[in-house]
Amino acid sequence: MSKLTDVPKRILIGRALRSDRLGETLLPKRIALPVFASDPLSSVAYAPGEVLLVLSIAGVSAYHFSPWIALAVVVLMFTVVASYRQNVHAYPSGGGDYEVANTNLGPRAGLTVASALLVDYVLTVAVSIASGIENLGSAIPFVVEHKTACAIAVIVLLTLMNLRGVKESGKLFAIPTFVFVAGVFIMIAWGAFRGLVLGDTMRAPTAQFHIKAEHQGLAGFALVFLLLRAFSSGCAALTGVEAISNGVPAFRKPKSKNAATTLAMMGLLAVTMFCGIIVLALVTDVRMAENPATDLLKNGVAVGSGYVQNPVITQVAEAVFGKGSFLFIVLAAATALVLFLAANTAYNGFPVLGSILAQDRYLPRQLHTRGDRLAFSNGIVLLAGAAVLLVWIYGADSTRLIQLYIVGVFVSFTLSQTGMVRHWNRHLATETDLAKRRHMVRSRAINAFGAFFTGLVLVVVLVTKFTHGAWVALLGMVIFYATMTAIRRHYDGVSAELAAPEGPSDDSVRPSRVRSVLLVSKIHRPALRALAYAKLMRSDSLEALTVNVDPAETKALREEWERRGIDVPLKVLDSPYREITRPIIEYVKGLRKESPRDAVSVIIPEYVVGHWYEHLLHNQSALRLKGRLLFTPGVMVTSVPYQLQSSEAARRRARKQAEWNAPGSVRRGPLGERTKESSASGSSTSSGSSTSSGSSTSSGSSTSSGSSTSSGGSGTSGTSGKS
């Protein structure tokens, strides 16, 4: 079975990497930029459109506010970038906002930030993929007709790419990201040249349309509320900024310096592209509407439901380059592709944060382990599953999904910067060096302004977007918070219960006696081997136990037992309802009640098959019985395996597979030496070994094995004779 699953796994994600090759997966700045900054860079493809969509509620006349909204977004972007540059220097371990809030504001604040970030990462994948599908659908009608299925397929593809490792996925994503950035800058430069130097008149394809305003002549509080809502929509350009502070460990040394430089590069590129597209949209008279079918008018008539409203960046590119031109096609393709790849920011941030939370016992421990390719594979798969669910529920509609967006990221922004202020206050209380104090005071001022500004934006976002879908994001944060709190409570309880006491305890006191019970159903090789092993244990008492399901079989067993002269008493349990597990469990519990200080050792003979399909031919009763016995205090379960010929063949196949070199694999010395090593390891395995496990009341307890069943064994298959 392992061979069948290993081959496609290696084809999809590549050969496994040794742990000591982790350093080779670290990223230089040129790769780290598209890996961690693809989300804020790609957001310029839809953030300007979101601003114009909201302003269109008041009609075209409200468009003249868009430059001021863009300016506010730019100020906020530079504030956040400057604040996070302080974060990456102060906390380079990769905890990011979670570590800052947890260290300086307490565990509750840290958990709130973690919940917000986890929700935001899931939404980043869903929004980016949905937006990319809509951009691609303008050119390929099939994608629009099946956009949910196409979005899920893209998520699966991105998941496979990220399972191959951060560095490999970064190389794949670097080219389209840089093509997109270059295309946008060429469009801005060529548009400025045509308008300022050549004096050309550039017109967007929607320039002749009119907008039917939902609310005309807005003034006072209503106008302010509309502008704040447009600003909060434009703040989508800031999503993903925090991913760099969470991903500092993935950078090459010096990690903090490289991460801070990448942050600055990302901020400068993002604001330039965002402002350039907003200006070109105004110059080319782009028209956008929240309900284009009814609110966009052509010659006084609504365009109807058949009209497809293209994104702002596509309309601007058509006006600047000309429809169907080479540069237009390149930019359109790069835009759709980079929106898909923008989800990669979350694919790098979510697993790292999940690993840190798992280490702090807030998430399952499986999220802390790296996979074959040294990526946090479990976190990647969990993120993909959550994003697929969200895309399926909302039908891959970016307009509906984006209303859930931004809330989480500004919760983390605000708490993180507040935590940084307390961080600097704590260090200033003990620092005496004047130069360092000046640096700390300057950093504290930057973080204080960042905390105030992002907190103000958070209030604006909550007020303007709550009824439009932001409540769903808040509900998701509450669910994550409650789940992680419950997981931590469970781990703390298990840790306290398992902690070894300093003095004597019931666990360290030797049992007064050991009573061994051998389960048999018929006399065959596995039963004889288990009987020999049970005698070797030298227990205080030993008895054989069988369940009377078929009277004829039980009578035959008794007769053969006596004929062979086996000097171990055979006890028969009646089972009128033909159950096997329940009578054995009740009998063992009875022994425990009879003598609570005695230990009961239950010995189960098993035979091991070598093919996965052979498991289907056996009833797995031994597995069920062991599962029940593990919950009985004071009971030890010992499995005595008997390997069938098929399991021996499986062991030989496993040995041959270990000696085989996959094409392109790195040889670790001469083949002959590795053959000797594998032969030595194979010969050390004892086919007659047994596995014994101490029972525990905790479902998470692990069994302590005497030795492994068999290197080629595929598993166990029922109590002997009951299959």
Side-chain angles (χ1 to χ4, degrees), residues 5-17 25 27 31-32 34-39 42 117-133 136 143 146-177 239-240 243 246-247 250 336-355 357-358 363-364 366-396 398 401 476 480:
T5 57
D6 191 63
V7 172
K9 183 179 180 181
R10 295 292 155 244
I11 294 174
L12 290 173
I13 68 173
R15 64 185 178 85
L17 297 177
T25 66
L27 305 176
I31 301 297
V35 167
F36 291 108
S38 55
D39 182 21
S42 66
L117 286 175
L118 292 176
V119 170
D120 191 67
Y121 283 139
V122 175
L123 284 168
T124 295
V125 176
V127 171
S128 299
I129 299 299
S131 182
I133 287 292
L136 188 61
V143 175
H146 306 86
K147 63 178 182 178
T148 301
C150 291
I152 293 174
V154 172
I155 292 174
V156 172
L157 180 62
L158 279 176
T159 302
L160 292 175
M161 294 169 69
N162 277 277
L163 287 174
R164 294 187 66 88
V166 176
K167 189 173 181 179
E168 288 201 19
S169 63
K171 290 179 179 178
L172 291 171
F173 299 162
I175 295 176
T177 303
T239 55
N246 292 336
L337 190 56
V338 82
L339 281 167
F340 294 148
L341 304 185
N344 196 57
T345 299
Y347 272 102
N348 286 283
F350 185 100
V352 173
L353 178 60
S355 171
L357 289 168
L363 286 178
Q366 294 89 328
L367 296 177
H368 182 56
T369 56
R370 293 182 182 269
D372 288 349
R373 301 289 296 177
L374 298 178
F376 294 109
S377 305
N378 293 326
I380 291 172
V381 173
L382 179 62
L383 171 64
V388 165
L389 180 64
L390 205 58
V391 165
W392 178 70
I393 292 174
Y394 283 86
S398 65
L401 284 167
F480 267 118

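Computed from a predicted model, the values in this text were never measured in an experiment.
- Annotation for Ala358 and Pro364: closest pair CB-O, 3.3 Å, computed over non-hydrogen atoms.
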**Message:** Determine whether Leu118 and Val122 satisfy the following criterion, side-chain contact (heavy atoms from CB on, under 4.5 Å), listing intermediate values before the conclusion.
**Reply:** CA-CA 6 Å; Leu118 292 176; Val122 175; 5.8 Å; no
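- For the atom pair CG (Leu363) and CG (Asn378), the distance works out to 11.5 Å, reported to the nearest 0.5 Å.
- No option in Val125, Ile393, Thr159, Ile155 other than Ile155 meets the side chain to side chain contact (heavy atoms under 4.5 Å, CB included) test with Val388.
- One distance of note links CG of Leu158 with CG of Leu383; it measures 10.0 Å at 0.5 Å rounding.
- Under the rule for a side-chain contact (heavy atoms from CB on, under 4.5 Å), the partners of Val338 that lie at least two apart in sequence or sit in another chain are Ser42, Thr177, Phe180.
- Not one N or O on the side chain of Ser355 forms a donor-acceptor pair closer than 3.5 Å with the backbone of Pro351.
- Within the 4.5 Å cutoff, side-chain heavy atoms of Phe350 are placed close to those of Leu382.
- Scanning all heavy atoms of the two residues, the minimum distance from Trp392 to Thr148 falls at CA-CG2, 4.1 Å.
- Ile129 pairs with exactly one of Leu390, Val154, Ile152 by the side chain to side chain contact (heavy atoms under 4.5 Å, CB included) rule, that one being Val154.
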